[in-house]
Amino acid sequence: MKFEKLAAPKGVREYLPPESQAFEWVREQLISPAKRAGYQLMELPVFEDTSLFNRGVGESTDVVTKEMYTFEDRGGRSITLRPEGTAGVMRAVIESNLDRGQLPVKVWYSGQFFRAERPQAGRYRQFYQVGIEAIGIDDPALDAEVISIADQGFKNLGLKNYRLEITSLGDAASRAAHRVDLMKFISKLDLDEATRARAEINPLRIFDDKRPEIKSAMQDAPILMDYLSDYSRSHFEQVKSYLDALGISYVVNTRMVRGLDYYTGTTFEFVHDDLGAQSGIGGGGRYDGLMEVLGGQALSGIGFGLGVDRALLASIAENTLPVGDFTSDLFIIPLGEEMKAFALTVAANCRRQGFSVELAFGDRSLKGAMKGADKSGARFVAVIGDSERESGSVELKRMSDGTSISVKISELQTVLGA
RNA sequence: GUGGGCGUAGCUCAGCUGGUAGAGCACUCGGUUGUGGUCCGAGAUGUCGCGGGUUCGAGCCCCGUCGUUCACCCCA
C-alpha cells in the first residue's frame, strides 16, 4: 500500500532549514528597533470575527471584498483569517481597556497573515509581517518616530535600494472635497469599463495605474495634497521636519494609494527597487477614525506593517544576509553503543554551561561520523571511547587546522570558551 | 479572478525529427586497527506532476487537471 504524497496548500510560503535561519534573522532585525523604543509584544489570534475586518479595513477594499479567508466555525460564527494586523490590535486594546492607562499605547506584533490572492513573486496567501501600533496620541513627533523605527529595521538588514514615500491623506473633510473634484476630472477621461468601475470604488486607484496612457491622462488630475486643512498641512510639515532632523530621506508622493480604508493624515510606504511587481516592503500610517468605528474611544493612532517575506527577498537581492551559519562548539562521537550514555551526559553538561554541542547518532563508521562533524561546522570534535571514559580526558580536535589537544572532560569549558 | 512560461533522481538540468531514461552535484559504503575536508572506487534513488487521447510504440504530439512561476489586478 503506497500513500499519496501531500503538499502544502497553494500559495503558502514555508521556511525550512537552512533558509529558515535567514528568515529568523530578518524578522528579528526588523522588529528589534521597536523593542528598543519601548514597544511591547502583543500575541493575537490569527482568526477574528469577520465583522472586525469588514468594519475596520473597510467594506469597499479589495482585501475585504475578494481576498479574505472567511468560513463558518462549528458554532455558526463567521470567522476570518486575519488579512492584516491593525484591526486585531485595536480590537484587543479596546476589549482589554489598554487605552485607559498612559498614552500612547505602544505595542508590536509578529506573525502570519492571510490573503486569498493569486500567488506571485513576493506575494503569498500566507505571509509574514511584523508591525507596531502607537495609539492615543496625535503628535507629529510620534509619526516621525514610528517611521524611523521602520526605517531602522530595513537599515539593520543592510538594505540600500529602497525609498521611503510619504504623503498626507488629510482628514475626512479634505478627502471628501478632493474626491468630488477628482471624480469630476475622471469622468471626462476616456476610460475602459473596468477602470471606470475601479474609479467608482476608489478614484485614487487610478493614480496607481501602470499604463502610460492613463499615467499621462492623470498628469493634471487634482491631488489631495492641495485640499488639506491647515491642521493637516502643518502636521505633515512637522513630520517632514522631524524626519529631516533624523536624517531620514524620503520622497513626497502625492499620488500614493493605500489599500486599507482606515488611513488618515500621515501615510507612508517603503518601496524596494529589486523585487519585481510586488515592491512594497512595508507601509503604514495614521488612522483617526478606526478606534471609534470599532467601538472604542475616539483616539488617533499610527502604525506600520513590514513584510518579512519581502524584506528577506530584498536582503537576498542586495546580498546582505550574514554568511555565518549556526555552528556548534563541540561535536561528540561516541564509539559504540555502550559509550552513548556517557556521551549524552558529557554533551548535556557542556550545554548547561552554555555551549552548543552536537552528537553523532546511529551506528556510522568513525569516518562517516567525522564527515558529519565536518559538515556540521563544529569548532571542535571529541571522540569518546573506553579509554576516554577511563582516563577522564579527551583529544579535542580543532577542525579548522586539524590540531588536537588533550583536555580533561571536567575542564572542557576552558578550551571551548576560549 | 484573467493571461503567459514551466513541471524528468534529494538539487540543477540533459534527453536529437515519438522507439520503454541520463549527467553533474548531493547522499551511503569502501580504499585494513579509533579521526573530517582532496583524490580513487562502488552503490542506492525515478509510477518522466496526474488523468485521458492519438500511435504498433509517448518523457517527447493533443486535451484536461493539479502544482509552480511571472505579469495584470492588488498589496506586505
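Numbers restart at 1 for each chain; the letters A, B, ... are given by sequence-line order, proteins then strands.
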Give the nucleotide from the list [options] with an atom nearest to the side chain of [X].
X: A/Leu366; options: B/U35, B/G36, B/A76; answer: B/U35
X: A/Glu117; options: B/C72, B/C74, B/G34; answer: B/C74
X: A/Arg258; options: B/A76, B/G34, B/C70; answer: B/A76
X: A/Asp62; options: B/C73, B/G36, B/U35; answer: B/C73
X: A/Lys66; options: B/C74, B/A76, B/C73; answer: B/C73

Contact class for [X] (heavy atom, under 4.0 Å): base, sugar-phosphate, or nothing?
X: A/Lys371; result: sugar-phosphate
X: A/Ser387; result: base
X: A/Phe113; result: nothing
X: A/Gln126; result: nothing
X: A/Gly276; result: sugar-phosphate
X: A/Glu84; result: nothing
X: A/Gly372; result: nothing
X: A/Gly11; result: sugar-phosphate
X: A/Ala373; result: nothing
X: A/Ile333; result: nothing

Please confirm whether any donor atom in the side chain of [X] sits under 3.5 Å from an acceptor in the base of [N], or the reverse.
X: A/Gln278; N: B/A71; result: no
X: A/Arg118; N: B/C73; result: no
X: A/Glu388; N: B/G34; result: yes
X: A/Arg123; N: B/C73; result: yes
X: A/Lys367; N: B/G34; result: no

- Note on the structure: 5'-most contact on RNA chain B (nearest-nucleotide basis), A/Ile281 vs A/Val12, goes to A/Val12

- Query: Between A/Phe270 and A/Lys375, which has a closest nucleotide on RNA chain B that is more 5'?
  - Reply: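 Result: A/Lys375.
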
- Begin from the C-alpha positions of A/Phe23 and A/Tyr128 and carry the test ring-ring contact (aromatic ring centres under 6.0 Å, His included) through to its verdict. CA-CA 10 Å; A/Phe23 174 82; A/Tyr128 294 82; 5.0 Å; yes

Got [X] and [Y] here, is their nearest side-chain heavy-atom distance under 4.5 Å?
X: A/Arg82; Y: A/Leu52; answer: no
X: A/Gln129; Y: A/Ser110; answer: no
X: A/Ile206; Y: A/Leu182; answer: no

- Message: Please report the distance, rounded to the nearest Å, between CG in A/Leu396 and P in B/G36.
- Response: 16 Å

[N] and [M]: how far apart are their [atom1] atoms, nearest whole angstrom?
N: B/A21; M: B/U32; atom1: P; answer: 38 Å
N: B/G57; M: B/G3; atom1: P; answer: 35 Å
N: B/U69; M: B/C29; atom1: C1'; answer: 39 Å
N: B/G4; M: B/C16; atom1: C1'; answer: 27 Å
N: B/G15; M: B/G59; atom1: C1'; answer: 8 Å

So which nucleotide does [N] pair with, by the Watson-Crick or G-U wobble rule with both distances under 3.5 Å?
N: B/A44; answer: none
N: B/G57; answer: none
N: B/C50; answer: B/G64
N: B/G1; answer: B/C72
N: B/G34; answer: none
N: B/A23; answer: B/U12

Are a donor atom and an acceptor atom from the side chains of [X] and [Y] found within less than 3.5 Å of each other?
X: A/Asp288; Y: A/Tyr263; answer: no
X: A/Tyr250; Y: A/Asp244; answer: yes
X: A/Thr267; Y: A/Arg286; answer: no

Taking OP1 and OP2 of [N], is either one under 4.0 Å from a side-chain nitrogen or oxygen of [X]?
X: A/Arg364; N: B/U28; answer: yes
X: A/Arg125; N: B/C74; answer: no
X: A/Gln120; N: B/A71; answer: yes
X: A/Lys10; N: B/U68; answer: yes

- Task: Decide, applying a 5.5 Å centre-distance limit and a 30° plane-angle limit (both strict), whether A/Tyr128 stacks on B/A76.
- Result: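 Whether judged by distance or by angle, A/Tyr128 falls short somewhere, so it does not stack on the base of B/A76.
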
- Hey, can you tell me if A/Phe113 and A/Phe127 have their rings parallel, tilted or perpendicular (30° and 60° cut-offs)? tilted

